[in-house]
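Below is one structure; the comments refer to it alone.
The shown structure was predicted, so the numbers you read here are calculated from the model rather than taken from an experiment.
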Amino acid sequence: MGSTSAENGAGKSAETTTAQHGTDGVGRRALIKRSAALGLVSVPAMGFLSACASGGGGGESNDDTQGETSEDNPFGVKKGTKLDVVIFKGGYGDDYAKAWEAAFRKKWGVTSTHTGTQEITGKLQPRFNAGNPPDIVDNSGAQKIKIDVLYRNGQLLDLAEVLDAPSVDDPSKKVRDTVIPGTLDPGLQEGKVVALNYIYTVWGLWYSGKLFQEKGWEVPKTWADFLAICKDAKSQGIGGLAHQGKYPYYINVAIMDLIAKKGGLDAMKAIDNLDPKAFVGSDAAQAAVEAVYEVVEKGYLMPGTNGLDHTESQTRWNQYKAAFITSGSWLENEQLKQTPPDFDMKFLPMPLLEGSEMPFEAIRAGSGEPFIIPAKAKNLPAAKEFMRMMLSREWSTLFAKEANSLTILKDGVDPSVQLRPGTQSTVEASKAAGDNTFRFLYTEWYSEMDTAIQNASNELMARRIQPKEWLKRAQAAVDKAAKDPASKKNRRE
């Protein structure tokens with residue numbers, strides 16, 4: 001957050017560092033039918049200008065970790081070596097990674113050191129600075145290390161070799177040809193994939209099916225209908241909208257979704273491409289920020305939400321203290337302990353502003369939870385093979401089973417895996433959206449700009465600035481990013 005400031009949530013603070021030992025690997029499972037999963041979902045094709053860069057170079061393994069290569073062992077994994085794995089322990093936990101590591105040890109004889117933490121920057125920045133990074137990292141959460149910064153410092157491996165390797169399941173195909181179209185794009189820096197965003201994620205609004213049934217509320221398809229429910233909720237002592245105030249990334253889900261749906265893909269691309277009228281001069285941006293501010297002005301926010309972190313706001317929402325909350329599809333898994341058994345968590349596409357170019361069913365969807373291989377990883381052969389196996393049906397199914405979420409692998413989940421209500425509703429929403437999906441990339445390309453826009457949103461929700469000032473600050477962040485020579489190397493057509 002995956003993400004992305006907090007794209008898959010931070011969850012409760014917990015850390016584990018253990019050596020993983022061999023256990024039985026997960027058995028091979030049948031493919032899920034395309035009609036039953038997200039293999040049917042396509043993400044709009046995106047074009048990028050490729051350019052040479054000093055960052056993201058390919059690393060070289062030392063002799064201690066390099067084994068013989070073969071058709072089944074394309075990177076030369078060496079038995080008896082060790083793999084240093086660091087996993088962001090947030091909404092998806094880290095049990096899935098422990099199971100992966102056990103399966104990896106059984107197949108390759110490589111033991112792993114496992115670290116599950118939320119303090120990605122705190123734990124890893126000193127190691128990167130010292131030239132002693134882990135071998136593979138799930139670089140996510142509120143304390144992730146900025147991908148664009150790592151890339152510019154030459155600290156990330158170009159993942160082309162992994163993506164061009166034979167698929168574990170079908171060696172006649174390259175790994176890159178087995179993933180849902182468009183899902184590799186968020187990991188691009190200057191035309192190179194340097195992060196593998198592994199989880200298929202959707203973003204939008206969430207509500208309780210139970211609460212809606214009790215109150216007689218129907219799913220709102222327009223912003224006017226959304227506001228009407230917020231008004232009714234307020235009259236009954238319930239907040240209309242909750243958001244994770246200490247992490248304004250979440251309220252930007254609403255603002256940015258409204259911009260994209262109101263102005264279409266051109267409005268989204270204008271922001272990613274640092275257009276001089278991305279915000280100031282954009283009718284879609286003005287309408288979107290004014291719509292969200294109306295929730296603030298009319299007192300429809302859940303009381304206290306501006307001062308709460310993600311888990312605090314989400315827990316109060318689970319206690320029926322708000323009708324809606326903004327988040328991504330990691331929400332259900334993150335809130336398992338706090339969600340009542342009959343809560344009936346549901347996903348909702350962002351309701352439409354008047355005159356929107358995209359349909360109600362359109363959703364922000366794509367890949368989240370970026371996995372990286374540091375350029376100076378000590379065991380590059382094993383790290384590359386580990387990532388290749390992540391994109392196998394066996395490991396994808398294991399992830400879905402342990403983390404209640406879908407991966408970017410086409411048809412990658414066995415039908416025996418029972419998804420929980422909230423996650424199942426995202427599958428249905430993705431089918432309904434079809435090709436009407438979108439995904440901003442400025443969060444990965446321009447982290448400083450992203451932070452500035454989040455800060456502006458924080459001020460907006462606290463009523464310390466008005467929509468006009470928000471637009472001015474957001475545009476200033478765009479203009480500043482546009483002056484960076486490196487910005488010319490990132491572009492979508």
Side-chain angles (χ1 to χ4, degrees), residues 1-3 8 10 14-21 55-62 64-66 75-78 80-90 92-105 108-151 153-159 161-162 187 189 193-199 369-391 395 399:
M1 200 256 213
S3 333
N8 61 346
E15 296 183 14
T16 55
T17 304
T18 58
Q20 298 302 304
H21 300 287
E60 295 183 2
S61 298
N62 58 52
D64 293 337
T65 61
Q66 183 64 59
F75 304 120
V77 177
K78 188 174 181 180
T81 58
K82 295 183 178 180
L83 189 68
D84 189 344
V85 181
V86 176
I87 300 294
F88 170 68
K89 191 173 181 179
Y92 302 111
D94 63 347
D95 287 345
Y96 69 89
K98 294 177 182 178
W100 282 351
E101 292 159 33
F104 197 72
R105 181 182 186 277
W108 295 108
V110 174
T111 57
S112 60
T113 298
H114 175 97
T115 302
T117 184
Q118 293 175 22
E119 300 174 11
I120 298 296
T121 294
K123 296 287 186 183
L124 299 189
Q125 191 67 67
R127 294 188 59 184
F128 273 100
N129 293 344
N132 181 39
D135 295 311
I136 191 163
V137 180
D138 170 15
N139 179 41
S140 194
Q143 300 180 52
K144 71 175 184 179
I145 305 178
K146 304 300 184 184
I147 291 288
D148 56 338
V149 174
L150 286 173
Y151 173 75
N153 289 336
Q155 293 175 309
L156 296 179
L157 185 73
D158 184 340
L159 301 178
E161 188 177 355
V162 176
Q189 294 288 334
V193 179
V194 295
L196 179 74
N197 284 43
Y198 184 70
I199 300 170
E369 202 80 6
F371 282 75
I372 58 174
I373 298 177
K376 293 185 178 180
K378 287 187 173 60
N379 197 344
L380 279 172
K384 293 174 187 176
E385 181 61 25
F386 192 91
M387 185 170 282
R388 186 174 81 112
M389 292 189 71
M390 284 170 56
L391 292 170
W395 283 28
F399 179 86

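Shown here for Gly154 and Ala375, the closest heavy-atom pair between the two residues is O-CB, 3.8 Å. Across all non-hydrogen atoms, the minimal contact from Pro381 to Val77 is O-CG2, 3.6 Å.
The distance from atom OG1 of Thr65 to atom CG of Asp135, rounded to the nearest 0.5 Å, is 8.0 Å. In this structure, the separation between CD on Gln66 and CZ on Phe75 is 10.5 Å, given to the nearest 0.5 Å. The line from CH2 of Trp395 to CZ of Phe386 is 4.0 Å long, rounded to the nearest 0.5 Å. Separation of atoms NZ (Lys376) and CD (Gln155) is listed at 7.5 Å; rounding is to 0.5 Å. Taking OG from Ser140 and NZ from Lys89, the interatomic distance works out to 15.5 Å, rounded to the nearest 0.5 Å. For the atom pair OG1 of Thr115 and NZ of Lys123, the computed distance is 8.0 Å after rounding to the nearest 0.5 Å.
A side-chain hydrogen bond (donor to acceptor under 3.5 Å, both in side chains) with Asn379 is found for exactly one of Asp64, Asp84, Thr81, namely Thr81.
In this structure the side chain of Gln143 never reaches within 4.5 angstrom of the side chain of Phe88, judged on heavy atoms. Asp158 has its side chain out of reach of Tyr151: every pair of non-hydrogen atoms, C-beta onward, lies at least 4.5 Å apart. Looking at heavy atoms from C-beta onward, Ile120 lies in side-chain contact with Ile145 at the 4.5 angstrom threshold. Looking at heavy atoms from C-beta onward, Trp100 lies out of side-chain contact with Met389 at the 4.5 angstrom threshold. Considering only heavy atoms from C-beta on, Met390 stays 4.5 Å or farther from Val162 through its side chain. Between Tyr92 and Phe399, the closest side-chain pair of non-hydrogen atoms falls below 4.5 Å. Counting only heavy atoms from C-beta outward, the side chains of Leu380 and Ile373 approach each other to under 4.5 Å. The closest side-chain heavy-atom distance from Leu157 to Lys384 is below 4.5 Å.
Ser112 places no side-chain N or O within donor-acceptor distance of the main-chain N or O of His114, the cut-off being under 3.5 Å.
Remark: Gln189 pairs with no residue by the side chain to side chain donor-acceptor pair (under 3.5 Å) rule, at least two apart or across chains. Listed by chain and residue number, Ser447 satisfy the side chain to side chain donor-acceptor pair (under 3.5 Å) test with Asp148 (two or more places apart in sequence, or in another chain). Every side chain to side chain donor-acceptor pair (under 3.5 Å) that Asn132 has, sequence neighbours left out, goes to Lys378.
Salt-bridge annotation for Glu101 and Lys98: absent, with no side-chain N of the basic residue lying under 4.0 Å from a carboxylate O of the acidic one.
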